[in-house]
Structure formats: C-alpha cells, structure tokens
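The structure appears below as structure tokens.
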Amino acid sequence: METVRLNTDILVIGGGTAGCWAAITIAEQSGLDVLICEKAGIKRSGCLAAGVNALNAYITEGKTPQDYADYCEKDAAGIVRGDLLLTMSERLNSVTEKLERLGLVILKDEQGRYAARGDRNIKINGENIKPLIAQEVRRHSQISVLEHVDITDLETSSGRASGAYGFGIEDGTFYAISAKAVIIATGGAAGLYRPNNPGFSKHKMWYPPFNTGAGYAMGILHGAEMTTFEMRFIALRCKDTIAPTGTLAQGAGAKQINALGEVYEQKYGLTTSERVYGTVMENLAGRGPCYLRTKGISREKAQSLEKAYLNMAPSQTLKWLESGVPVEEQDVEIEGTEPYIVGGHTASGFWVDTARMTTIPGLFAAGDVSGGAPQKYVTGALAEGEIAGESAVRYAEKLIPEPLPEESVQAHINETEGFLSGRKSLYTAPQLEEAMQTVMDKYAGGIGASYRFTEAQLDIADRRIAQLFELSGQLSADSPRELLRIYELRERLVVCRSVIAHLRARQETRWHCFAENLDWPERNDRDWRKYVNSRLENGKIRVIFRELISGGETYEHSDKQG
Amino acid sequence: MSIAINRDKCIGCGRCTQACPGSLIGMSQGKAVMRYPEECWGCTACLKECPVHAVRLFLGADIGGGGTLLHTERQGEILRWIFERPDGTVQEIPIDTRESNKY
C-alpha cells in the first residue's frame, strides 16, 4: 500500500471539541507545529455535530470553581479526581468568553451578563458551535489538518509516545506519523452494547456512533493505566429519537411521570443515574411507560421547545410533527439509553496526572477519553484541551525529534495489509459487532437486562468477548471502509473487556444502573471510596486500587512506564 | 434515521461528503449518494452544507417515521427548517440564528 510519512511537533488524534481546542492553544502559546488527525472532517465531527442548546458547565455569579467541582463529586457519589475537576472548573468561564469571541451567540440579561439557567448553565444558540471552532483551527498556519484518516495505533517503543499509525478511510493510504508529543482526544465509546433501536435506526443514539473508544483501546493495548470504566454512562432520553431530556426537565420544568400520571422522580432521587433508575424501576413494577409531562404547557413554550430541539436534536421536532399532535397536547415518552463509556459525563478514561499526561510519557489526554473528571460537557472539554495543550508544549519544547523505528512501521503496514489480503473469512465485521452487542446486553448489564449483572454473567461475557476478539483477527476487508469497520470492532472489543473487568472489580452498587451489581447490591462507603484502575499486562487485565485525590492537590505519576 | 438525496437537484459539489461526521456520503457519477443509510446519526450537518437543498432528513419507520422529509434553507441570519409531509403539505419553522434558546 502507498505509504506517507509525516513529522510534526505535536500530534493531536481526534479533531472534535477537545482536540481542536488543544491545537488552537498550542498555536497561540508556542511556535510548535501541530497536526490534527481526524477520522471525518473537523467542521462537524465529534459530539457537537448537530449543535448544543446550552453550556452546562459555567460558573455563574456568586458561585466558585470549587462549587462546580463539589457538584460533580456529589453526582458521581465521590469517585472523582478533585485535582482535575478544580483545574478544569477554573477555566470554564474563560473558554466560554473565548467561544463568544469566536462568534457563539450567548443570551445576556439587561446588564450584559450571561443569562443563567439554574446554577451552572447558560443559554446559547449552539447550532454552529463546531463550525466556529473548526474555523478558528483553520486560521492558524501552524496547524495542519489531516481528514478522513483513521489512527489505529500509537508508537511507544522508546518508552514514550513518539507517533502514530493510520490509514485513509477513502483511499487506503498508510500513514506513519512521528511527533515529539501526542494528545489523544478521540472521545468515548458508543456501540459496545445493543442500542435502543437495533434495526434501521441503530445509530440514532445519544453519543456519536462514530466514537468507538479508539483512544481507550490504543492506550489499553500499550499498557496505559485506565480508571473507573465501571462507571458507565446511561442517559435518560426521549424515546425513539434519543433526544435530550434536560431541556424539557430543567428548561421547561417537565416532571417525570409514570403511566398512571404519578410524579415518581422524588421517590428515587435526581442525580443522573437516579433519574434513569427510577424510570427502570417504574417499568419493572408495571407502571410504564414513563413520560416527561409536557401536556398543558403554553403554545409559546411549545414553540420554543420545537426551536430548541432543532438547534441540537432536530429529529425530536420532526417526531413531534410526525405524530400529528401538538407538543402541548402530549407527554414525551422517555427511556434509558444503552450504556456508554464516556469520560466527559462520568469518570471513565485514561488515568492522568494533574497536567493531563497519561501513564505513557508524552501522551496527553483531553475530553471524553480522559478519566476522573465527569460533567465536563463542552466547556470542560475545552478547558482540558487547553491544559493538555499547554502541558504538551512544555514537554515537546525540550525534545529533539526521533524517527519511527523502521521495523515498527513495517509491522503496522503488514497488519493492515493482512486484513486486505483477500483471505477467506467465515464471519464479517457487522456480524461480530452484533454478537458483541448481544453479549454485552445480556451478560454485562445492557438495556435488555435492565442494566443489572452478576459476577457469573460477567464471566460469560468475558469469555465470549475474548473469543470474538480472536475471531476479529481473521476478518477480511476488500476496501478501506471495511478495514475501518474491522478496526472499529476491535477497538470496541478491547474496551468491552476492560469494562467487564471493572464492573467485576467494584464489589458494591455505588451508582444505580451505571453499575448495578446484583451480587453486591448496596453502596459500601467503608471499603469502596477509592478508584478502580487497571492495566493490561502480558495479555491480562490487572486491577489496581488507588486512594482518592482531592482538589488543590497536584498529582504526579509515581510509577511511570518506560 | 437517515437522509435522502435528490439526485436531480444535487450539483455534485461534495460539501456534504466532507461534513458528514461518519463519512457516510460518497460520490457516484458526479452526484452525492448516501452509502450507508443505516449508519446515519441524524445530526443534519449535510442538510446545512447543501447549497441547493438537495438533502432531506427522515425518521426511520422503526422510530415512528411517517414519511415526512426535513430540510433547511438559510436566508441571511435566518435558518428555515422546512417539513414536507407525504400528503404534500409543508410546514416551516424559521430560527433566527442570532437568538439564543430560551430553555
């Protein structure tokens, strides 16, 4: 295959929210060159493709960054990194102001201050938020952007991250890229579990279906330490369209009701996981389906909702219109999504130091791929992109470039060519993907199992996923697109094994639904106020327990690899 | 959830192929084609990119779709969202992009 070799100072893998912001930060604060590698095109890639209708992480007047960190800690029942949350929170407002300078429309009051929605949110028109960020990337001549290229592996043989390998998903060109430092910003993982709509609309999901956990998988396979994969994220969404419910609940004040019309949310609690849990329990008790009560709202409010959804999840407005019943004359049915692994909402991801370096020297993580700091949302991802960008500059500035080891380049070409060699394969990537999602659903707490699992079920899941990974090594592709499917499947399978190991390791139920362990159904603060971390060593996942780290501390890795 | 591209309207500029966050749209004989309809996320990036309004979003029948097609047309600061029902009736929701959401 045709091979292109590239050199850069800092390689950013993933041109979404955090990756683009990291690149902008580097260009503004140093003379270093940056290369963004993006699987699609940066204008609309990642979580912000459709837009957002509010900034959910902002320090409103009278509140402090510590207040925001405290809120996140409470929502996650204590399993967060205080140092990461505080350093992130300190930057939430400055990145917001920068977004406004880039052209984002933010609602203001008569005094010209941002209009708050509750304690932490501000209202915006965020339909074009990603194009605005992408436009700023394009303005910097130091930043190069390589689009429609899928990065499949890191180079770490010298003991630090010194580059990456990938291929063009349209033309099949092989890329070998060397760098002084690497920032990983590939997002979280969707598609591990059987989705809400497994048929034609299988990708009508909460999280981007194109985020496959590539960064997690690359890190895991290179022995990076990972944290809190057992804290899965499950969103409470509008049925079918999987559109957000926050706009209805927090924005328009709609209550969660069961089929009998009873408000049930107070019964179970109002944290993210409790809202999902309550809905599951009402359904199991025979009082489903559940709804958000929008019947009876004013026409004016209904029209605002139709517009708000067009700015972030247009399918919901389309659904309302398709129903033939006005918004104010119907309730919105709700359901929990399949579980995702996503470090911007829960705390799953790379175990990083306070500067956002992973346990692989020279590899920095930002956004959903980075663990320990939940409730990042858009502005938190930007703040982390900034911190990771600054740290990568400090790291790269003192280094001289080193070429990629030739034997490693060749081994990666051989692996890719192996999948394209035309060998016979009994199975296809979509078949194995379906098998993976079915196994995870049944045996690792998916929708079909009401998010519950037992240790005995996890053992079955682990064996089956290991078998599927073996089978995936024999798959055959006859186009770059099929090659992409194979790599994406293998990334997901690697992440699944870590999720299973983490779910098994935490012997308590700290978060309903997110990790509903039927063998250990109670929360146990005496033994489990600690992080569950893991590392792949000699093909086996080793679980590591670590003590909680609070805000104000600076955490450094004490047992770096290399 | 997916899109339908009107081949007669498409001018083959390729902007939708660049914008799709899943790289799902390709070119065939000078026209854009949705290569993987069942992999669409429904983000509407392609609708907004299309200069000739050739791209339509629809809900899959499995999630309550009834055949209504949605597209956008931009006029200055106004983004017009246009819904065409199977019976031929049309509904439009214009959004002023300078205005923020109320909720």
Side-chain angles (χ1 to χ4, degrees), chain A residues 39-41 43-46 49-51 53-54 105-108 115 117 123-128 130 147-148 169-170 197 199-205 208-210 239-241 247-248 250-252 301 303-308 310-315 317-319 321-324 481 484, chain B residues 1-2 14-27 35-49 56-72 74 77 79-81 83-86 89 91 93-103:
Chain A
K39 188 160 72 170
K43 189 172 183 183
R44 289 278 181 181
S45 63
N53 89 318
V105 172
I106 304 180
L107 186 65
K108 292 187 172 159
R117 178 183 100 176
K123 300 168 190 177
I124 63 171
N125 186 318
E127 183 281 314
N128 64 343
K130 188 67 200 300
E147 296 178 312
H148 306 288
I169 67 166
E170 299 296 340
N197 311 302
F200 179 76
S201 301
K202 64 181 181 177
H203 276 183
K204 190 63 227 149
M205 51 175 63
F210 318 114
K239 188 164 187 335
D240 296 331
T241 59
T247 301
L248 298 170
Q250 284 95 50
K301 211 173 205 180
Q303 280 173 338
S304 295
L305 288 174
E306 286 171 353
K307 289 186 179 182
L310 285 175
N311 281 335
M312 61 171 174
S315 52
T317 307
L318 181 53
K319 171 103 181 175
L321 264 64
E322 287 273 44
S323 74
R481 170 60 71 161
L484 177 66
Chain B
M1 188 91 269
S2 196
R15 283 165 65 169
C16 56
T17 67
Q18 294 303 304
C20 175
S23 306
L24 305 177
I25 308 171
M27 297 294 287
R35 297 180 292 184
Y36 312 103
E38 73 292 352
E39 293 182 37
C40 177
W41 188 26
C43 74
T44 67
C46 51
L47 272 66
K48 296 165 191 166
E49 283 298 309
R56 302 279 190 277
L57 180 81
F58 67 94
L59 291 181
D62 58 338
I63 58 171
T68 298
L69 296 169
L70 168 64
H71 76 278
T72 58
R74 184 177 279 277
E77 304 290 350
L79 188 62
R80 299 167 59 207
W81 295 81
F83 302 79
E84 300 164 282
R85 294 202 180 82
T89 56
Q91 184 172 347
I93 300 178
I95 294 185
D96 188 332
T97 57
R98 292 162 300 188
E99 277 179 12
S100 114
N101 292 310
K102 292 204 176 72
Y103 299 109

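Every chain is numbered from 1 and lettered A, B, ... according to where its sequence line falls, protein lines coming before strand lines.
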Point to revise | A:Lys39 side chain to B:Ser23 backbone, donor-acceptor under 3.5 Å | key: no
Check your understanding: Any Lys/Arg nitrogen of A:Glu127 or B:Lys48 sitting under 4.0 Å from an Asp/Glu carboxylate oxygen of the other?
Key -> yes
**Study point:** chain A interface, residue from B:Leu47, B:Leu24, B:Thr17, B:Thr72 that has the most non-hydrogen pairs under 4.5 Å
**Key:** B:Leu24
Study note, to complete from the structure: Partner of A:Ser315 under side-chain contact (heavy atoms from CB on, under 4.5 Å), picked from B:Leu70, B:Thr44, B:Leu59, is B:Leu59
Revision key, fill the gap. Of all heavy-atom pairs linking A:Arg44 and B:Ala45, the shortest is CG-CB, 3.5 Å
Review point. Any sub-3.5 Å donor-acceptor pair from A:Asp240's side-chain atoms to B:Gly64's backbone N or O?
Key: no
Review point. Is A:Glu322 close to B:Arg85 at the side-chain level, that is, under 4.5 Å between some pair of heavy atoms?
Key: no
Practice item. Measure the spacing between CD1 of B:Ile63 and OG1 of A:Thr241 and express it to the nearest 0.5 Å. Key: 7.0 Å
**Study point:** Distance (rounded to the nearest 0.5 Å) between B:Gln18 CD and A:His148 NE2
**Key:** 4.0 Å
Exercise for review: Check each atom of A:Leu248 against the heavy atoms of chain B and say whether the ones under 4.5 Å are side chain, backbone, both or neither.
Suggested key: neither
Review point. At a heavy-atom separation under 4.5 Å, does A:Leu321 approach chain B through its side chain, its backbone, both, or neither?
Key: both
Point to revise | Check: B:Thr97/A:Asn125 side-chain N/O donor and acceptor closer than 3.5 Å | key: no
Revision key, fill the gap. Side chain to side chain contact (heavy atoms under 4.5 Å, CB included) filter on A:Pro208, not counting sequence neighbours, yields A:Cys47, A:Asn211, B:Trp41
Check your understanding: Which heavy atom of A:Ser45 sits nearest a heavy atom of B:Pro21, and at what distance?
Key -> CA-CB, 3.9 Å
Point to revise | Those residues that, when tested against A:Glu170, pass salt bridge (Lys or Arg N to Asp or Glu O under 4.0 Å) (two or more places apart) | key: B:Arg35
Review point. B:Thr68 versus chain A, heavy atoms under 4.5 Å apart: side chain, backbone, both or neither?
Key: both
Exercise for review: Might you point out which heavy atoms bring A:Ser201 and B:Asp62 nearest each other, and give the distance in Å?
Suggested key: OG-OD1, 2.7 Å
Check your understanding: Are any of the side-chain heavy atoms of A:Leu318 and B:Phe83 separated by less than 4.5 Å?
Key -> yes
Practice item. Name the region of A:Lys319, side chain, backbone, both or neither, that has any atom closer than 4.5 Å to a heavy atom of chain B. Key: both
Review point. Is there side-chain contact between A:Arg481 and B:Tyr36, with at least one heavy-atom pair below 4.5 Å?
Key: yes
Exercise for review: Could you pull out the closest heavy-atom pair between B:Gly60 and A:Phe200, with the gap in Å?
Suggested key: CA-CD2, 3.9 Å
Check your understanding: Measuring from B:Cys43:SG to A:Lys204:NZ, what's the distance to the nearest 0.5 Å?
Key -> 8.5 Å
Exercise for review: Assess whether salt bridge (charged side-chain N to carboxylate O under 4.0 Å, His left out) is satisfied between A:Lys202 and B:Glu39, documenting all intermediate values.
Suggested key: CA-CA 7 Å; A:Lys202 64 181 181 177; B:Glu39 293 182 37; 5.1 Å; no
Exercise for review: Indicate yes or no: at least one non-hydrogen side-chain atom of A:Val105 is less than 4.5 angstrom from one of B:Glu99.
Suggested key: no
